Amino acid sequence: MTSTRSKLIATAATLTIAATGTIAASAPQSGTSEITVTTSAAKSDFSADNLKARAAVTPQAGEPAGYRKQPNPMTTAVNRTMDCYHMPITVRVKKNGRTVGTAKFTVWHEIHLNLKSIKWSEKITVGKASKTGNASGIITTFHPSCGSGCQVHAGGNLASPFTLGSARTGSADHTCTVSRGHPRSTHTRYEFDFKKAGYTSGEAAYVGSTYRCDDEDRQDGAGCVYPTRISVEKDWTKLSDMANLPGIGDNIRRVQGAGLHIGYPGSRSLHPSHQGPGRPEPKRSLRSERPAQAERHLVDCRP
């Protein structure tokens, strides 16, 4: 069975921030003194495999306790709301173009969106930094942000600037604003700023997976999911039968392209059997966790 993984996007592999003319160095030394930052691509550690295969996974170096812990058996609800990934970051302290100090650490993200609320808190752990040379006294500030209609702020031990060194855990606390018929899709941007006396500042920035929030579920109310995650059968051995129907995705896109917004909030159903005689048509939930529900897959097949 093919694993279902969330997609993560990172900024350019190397972020060199001299900040000349933008952030003035305090008590500058002679020559050029700067901080540069290198990031790798963000690496997702969430796998939607049957957990029997995951039992033998060896924890990564520096991985926080309980990281990527998943239920066994996996559920569609968790698959559609959970994500975890890590970002290795290297900070270089440079003098006249020569590296005089380095600090290497990893940022660990553990995310659980909320099916029943537009508020959720993401756990973020900044791992212990391995430092060499003149890498002491690097002041780090965490600045999360998200798109229109979404608010996020740093919490816990990441709420205020800290000196890079020992591991610390904080949060990114989110609130998304939605209204009936107007789902909202966005992602979170994570920025870390680094300052050191006598050096121009550096920063690292990257973004996480796109999530969607809506207020179309009459039972659970407003909530959020990862829209690209698919439903599975309860035993987690295969995709839902609805997803396996030949050409279903292409056919739905063709119908939607013709102007019939099937699968969208407040849309009509594909077949009259979805309604009883004289009964008003029910609202379609964008977040149903029932694996075999047709409307859930219709939404996921949107182009």
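On a predicted model such as this, the values are computed, not experimentally measured, just so you know.
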- Query: Which atom pair, heavy atoms only, marks the closest approach of Gln60 to His86?
  - Reply: OE1-CE1, 3.2 Å
- Which heavy atom of Phe46 sits nearest a heavy atom of Arg229, and at what distance? CE2-NH1, 3.3 Å
- For the pair Phe142 and Phe192, name the ring-plane relationship: parallel under 30°, tilted 30 to 60°, perpendicular over 60°. parallel
- Check whether the side chains of Lys95 and Asn134 place a donor and an acceptor atom closer than 3.5 Å, and report yes or no. no
- State whether the side chain of Arg80 and the backbone N or O of Pro227 hold a donor-acceptor pair below 3.5 Å, judged by distance alone. yes
- Are Val178 and Tyr211 connected in the hydrophobic side-chain network, where two residues link if heavy atoms are under 4.5 Å apart? no
- Message: Using a 3.5 Å distance criterion without hydrogens, assess whether the side chain of Asn114 forms a donor-acceptor pair with backbone atoms of Trp120.
- Response: no
- Say whether, by atom type as modelled, one donor and one acceptor occur between the side chain of His174 and the main chain of Ala172 under 3.5 angstrom. yes
- Item | N/O donor-acceptor pair under 3.5 Å between Lys104 side chain and Ala129 backbone | no
- Query: Is Tyr67 reachable from Val107 through a run of hydrophobic residues whose side-chain heavy atoms are each under 4.5 Å from the next?
  - Reply: no
- Task: Would you check if the side chain of Ser117 reaches a backbone N or O of Lys119 as a donor-acceptor pair within less than 3.5 Å?
- Result: yes
- Note on the structure: Closest non-hydrogen contact found for Ile35 with Lys195 is CD1-C, 4.1 Å
- Please answer: with hydrophobic residues joined when any side-chain heavy atoms are less than 4.5 Å apart, are Ile118 and Tyr226 in the same cluster? no
- Note on the structure: Between Phe194 and Glu203 the two heavy atoms that sit nearest each other are CD1-CA, 4.1 Å
- NZ/NE/NH1/NH2 to OD/OE distance under 4.0 Å, Asp215 and Arg184: no
- Message: Parallel, tilted or perpendicular: which one describes the rings of Tyr85 and His109, with boundaries at 30° and 60°?
- Response: parallel
List, one per line, each side-chain donor-acceptor pair under 3.5 Å for residues 145-163, sequence neighbours excluded.
unit_1: Asn157; atom_1: ND2; unit_2: Thr169; atom_2: O; d: 3.4

